[in-house]
Amino acid sequence: MASGLGRTMSQTKAMSNGITEIIIYQRSWFTKGNHDRGNLILKCVSFDQDCFHDIRKVCADVRQTEWKFEYVPELSDLPSDKYMSVNEGKWLTDSNKRELLKEIGSMNGVDHEVLQKLSVHDVVLLGSTQDGLYLEKGFQVFDKGVTSLNASDVDILYIYGGINVIKESIGNENGLWLTPRETDFPGYFKMQIMAKSFEKHEPFYLKNTHVKMKLLFELGTCQHYVVASSLIDVFNSASIVGCMEDEHGIINIDNVAALRMYEWPDIAHEFTNRDRQHAWPAQALIEHVTSRGCGFVAKGHNESEDFEYQWRISFAESEKILSRSLNPAQIRAYLFLKTLFKTHLEDEDDPEGLSSYMMKTILFWTIESVDGRIWTDENMLNCVEILLDRLAMSLDRGVISSFFAPTLNLIGNLDREKKSILANKVRSLTRDLFSSIVTCVENPSFNGMCNTGTPLQQMYKLQDPTEFGALLSMIHFTSYLYLRLQVLMYQQKISVSALNSVLEQACRSVCSVIAPRAVWYLLESIKLQPNTSLFSIRKDSDESYTLDVSGMRRHVVDFWRSANYSGLFTSVIKDQEIITGDAIDSIPEFDEFMEWVNTTCLWSGAHPVNRLTEKYPPNLD
């Protein structure tokens with residue numbers, strides 16, 4: 001049995017000369033260059049995805065399934081002509097009612113026939129929380145009673161069916177169908193309403209405003225909260241803004257009306273057969289992406305006179321599939337890129353400027369074009385630098401091509417001067433990339449990762465290897481404790497249905513990531529610790545080995561009291577000193593330490609941490 005933080009290391013076999021090898025390890029890492037030291041320090045930055053990536057994906061999929069089963073029947077069961085019952089819409093303002101009546105009055109018989117055939121057939125949740133590339137802290141131990149889990153908005157595509165969308169008629173369709181027609185604005189299409197009886201008529205086109213109007217009325221009728229102060233704003237925007245609440249809290253929502261075509265569009269044909277030297281995406285992944293076809297969202301080009309008739313092509317579901325295929329190092333590199341973008345490049349007042357979607361596109365192009373072996377934690381600074389270099393070159397050229405349809409330029413609307421300014425900003429970040437990243441990480445207003453509580457920039461400048469190792473050792477030991485506590489918060493806060501799905505799917509996080517990650521933190525804290533008297537390894541009578549870290553438990557209290565630490569574990573120690581009336585010089589083993597943290601969380605107004613039954617892994621002991 002381990003004499004330390006529970007029994008985590010009780011089954012770990014020690015090397016016969018383990019202490020000696022640890023001391024040798026301590027000296028080797030400091031002799032490397034500054035880039036290697038920077039990569040070593042960046043490992044202290046803990047993203048939620050490092051341990052809970054697939055758990056969060058399961059939670060996202062459960063939410064997707066539950067919303068689909070709840071809201072699709074609710075919306076599709078409405079009378080097909082419900083959109084015409086304007087005066088029954090008590091949630092509508094008088095001005096909105098007048099605008100709706102005017103819009104309905106302008107419709108012809110074909111318009112009404114199409115709208116009455118269209119109904120919501122599917123609901124697709126999109127956004128960073130759904131594809132796993134979010135910048136959030138997950139379920140924090142010290143959350144002050146408020147979770148940040150819904151910091152990112154959720155985009156909901158309401159996929160209208162009832163009329164097929166097909167590229168071209170093959171002569172045997174009956175009734176109505178829709179065919180996308182290219183416009184003078186790349187990426188924007190007009191939906192031609194097709195029927196055999198229309199062959200001798202002028203072409204009819206489906207207005208995106210009509211479908212948005214139908215969705216707005218259906219959401220309001222079903223008592224979904226939507227913001228529709230001005231119908232003009234709704235018609236001009238791609239989404240209907242709203243919000244909803246589930247077990248995670250209040251979620252900001254962009255409701256988007258969309259159509260789906262179960263064919264891969266001609267505009268994206270190059271994606272299926274372009275030369276790929278590094279086999280990403282793999283052929284099976286390409287086939288999976290293309291089998292899903294594409295979408296068309298109800299949004300026209302701002303500069304088009306046919307704005308209300310245009311539909312913007314969407315590869316959002318394709319992006320989600322690719323995002324979920326990324327490996328851990330690629331995800332971390334992207335999150336560092338996104339961190340820099342959010343802090344230095346994003347202009348929230350300019351909806352036409354750079355976006356996270358463009359950063360994801362840069363990531364996809366980079367992964368496709370470089371050797372896959374570069375994506376490791378030990379090479380993280382180089383990975384982020386490669387991404388920034390590609391972004392700067394793209395801005396110089398004035399082109400960020402869509403990953404799926406390269407003829408579409410995502411920054412074609414930006415003027416040359418703005419592109420040049422942004423390219424220079426990107427290059428300035430790479431001049432001292434480590435400092436650029438750490439500045440973002442240490443910003444207290446940034447919500448992207450678990451704060452180490454330690455000034456990483458100051459740590460990077462340390463010249464004494466003993467001092468550097470001692471500090472890094474205590475950071476990893478603190479991360480070990482935090483991870484174990486965060487596991488309990490996840491067990492408590494995710495819904496029962498999500499928790500059951502996690503168990504049924506035998507998530508990699510539960511089975512092979514979380515416990516080894518915790519052990520990694522613990523072992524690294526020992527390997528880097530210059531004071532070898534703080535731990536020991538002994539052989540027991542049953543031929544097993546025990547790791548005693550009681551000295552580390554004492555030493556970490558001194559670290560939390562020092563100027564090198566500004567995290568929240570200091571409050572735990574202070575609270576216990578108030579309760580006991582004695583000075584705390586060591587933390588107890590994990591079960592009792594969990595109760596210490598629980599007390600502080602309760603005082604701060606957060607939910608208590610409760611250990612669940614053994615039915616719910618992971619149990620790290």
Side-chain angles (χ1 to χ4, degrees), residues 29 32-57 128 131-138 276-282 285 319-342 356 359-391 403 429-430 433-434 436-438 440-441 448-450 452 456 460 472 475-476 479 483 507-521 523-524:
W29 49 261
K32 297 180 180 179
N34 287 344
H35 229 43
D36 292 302
R37 193 192 309 182
N39 287 323
L40 196 67
I41 295 173
L42 285 186
K43 288 185 179 181
C44 298
V45 179
S46 176
F47 291 102
D48 188 62
Q49 287 91 334
D50 293 338
C51 289
F52 302 100
H53 188 226
D54 59 352
I55 290 178
R56 285 289 294 273
K57 284 196 294 186
S128 60
D131 63 23
L133 300 181
Y134 53 88
L135 273 178
E136 298 173 359
K137 292 185 180 180
R276 295 179 170 92
Q277 296 181 1
H278 302 289
W280 190 90
L285 190 57
E319 294 155 18
K320 182 176 176 180
I321 293 170
L322 290 187
S323 296
R324 289 188 166 204
S325 74
L326 303 178
N327 67 39
Q330 290 165 345
I331 292 171
R332 281 181 67 85
Y334 171 75
L335 294 177
F336 282 124
L337 174 66
K338 191 172 181 179
T339 297
L340 294 167
F341 161 71
K342 290 283 186 182
S356 296
M359 300 304 106
K360 194 190 306 181
T361 301
I362 291 292
L363 174 71
F364 289 161
W365 279 116
T366 305
I367 295 174
E368 183 178 280
S369 60
V370 302
D371 191 327
R373 291 172 293 183
I374 75 164
W375 302 101
T376 66
D377 281 345
E378 291 71 27
N379 195 41
M380 189 53 59
L381 280 171
N382 282 332
C383 291
V384 180
E385 190 169 13
I386 289 169
L387 291 171
L388 288 171
D389 285 344
R390 180 162 195 125
L391 176 58
F403 187 68
L429 296 175
T430 62
L433 182 54
F434 177 82
S436 298
I437 292 174
V438 168
C440 301
V441 170
M449 65 284 295
C450 303
T452 63
L456 301 180
Y460 182 75
L472 193 54
I475 292 175
H476 284 317
S479 297
L483 174 57
C507 276
R508 184 172 176 268
S509 293
V510 172
C511 298
S512 59
V513 174
I514 295 175
R517 183 81 176 186
V519 171
W520 182 87
Y521 279 132
L523 288 177
E524 288 296 299

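Just so it is clear, the model here is predicted, and its values are computed rather than measured.
The structure places CD1 of Ile386 at 13.0 Å from CD1 of Ile362, a figure rounded to the nearest 0.5 Å. With values rounded to the nearest 0.5 angstrom, Arg37 atom CZ is found 9.5 Å from Leu40 atom CG. Thr430 contributes atom OG1, which lies 12.0 Å from atom CG of Leu387 (distance to the nearest 0.5 angstrom). Interatomic distance, Leu363 CG to Leu335 CG, rounded to the nearest 0.5 Å: 9.5 Å. The distance from the CD atom of Gln330 to the OG1 atom of Thr376 is 11.0 Å, given to the nearest 0.5 Å. In this structure, Thr366 OG1 and Tyr334 OH are separated by 12.0 Å, a value rounded to the nearest 0.5 Å.
A heavy-atom distance below 4.5 Å is not found between the side chains of Val438 and Tyr460. You'll find the side chain of Leu456 reaches within 4.5 Å of the side chain of Val45, heavy atoms only. Under the 4.5 Å side-chain criterion, counting only non-hydrogen atoms from C-beta, Glu378 is not in contact with Asn39. Annotation: side chain of Phe52 is in contact with side chain of Leu483 (closest heavy-atom distance under 4.5 Å). A heavy-atom distance below 4.5 Å is found between the side chains of Leu42 and Phe336. Side-chain contact check for Thr339 versus Ile437: every heavy-atom pair is 4.5 Å or farther apart. With a 4.5 Å cut-off on side-chain heavy atoms, Trp520 and His476 count as touching. Taking the side chain as every heavy atom from C-beta outward, Ser369 and Arg390 approach each other to under 4.5 Å.
Of all heavy-atom pairs between Ile514 and Cys51, the closest is CG1-O, 3.6 Å. Considering all non-hydrogen atoms of both residues, Leu133 and Lys338 come closest at O-NZ, 3.0 Å. Smallest separation of non-hydrogen atoms from Ser323 and Asp131: CB-CB, 3.7 Å. In terms of heavy atoms, Glu368 sits closest to His278 at O-CD2, 3.8 Å. Listed here is the closest heavy atom pair of Ile374 and Cys383: O-SG, 3.2 Å. The two residues Leu433 and Leu381 have their closest heavy-atom pair at CD2-O, 3.3 Å.
Ring geometry, Phe403 versus Phe364: the interplanar angle falls from 30° to 60°, so the pair is classed tilted.
In this structure a side-chain-to-backbone donor-acceptor pair under 3.5 Å is missing from Asn379 to Asn382. A donor-acceptor pair under 3.5 Å is formed between the side chain of Gln49 and the backbone N or O of Tyr134.
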**Report entry** side chain to side chain contact (heavy atoms under 4.5 Å, CB included) assessment of Ser436 paired with Leu340
**Finding:** CA-CA 7 Å; Ser436 298; Leu340 294 167; 4.0 Å; yes
Requested in this report: Take Val370 and Trp375 through the side chain to side chain contact (heavy atoms under 4.5 Å, CB included) test and state the conclusion after the steps.
Outcome: CA-CA 10 Å; Val370 302; Trp375 302 101; 3.8 Å; yes
Requested in this report: Show your reasoning for whether side chain to side chain contact (heavy atoms under 4.5 Å, CB included) applies to Phe341 and Cys440.
Outcome: CA-CA 10 Å; Phe341 161 71; Cys440 301; over 6 Å; no
Query raised in the report: Can Ile331 and Phe47 be said to form a side chain to side chain contact (heavy atoms under 4.5 Å, CB included), step by step?
Result: CA-CA 10 Å; Ile331 292 171; Phe47 291 102; over 6 Å; no
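The existence of a salt bridge linking Lys43 and Asp377 is excluded, since no basic side-chain nitrogen approaches an acidic carboxylate oxygen closer than 4.0 Å.
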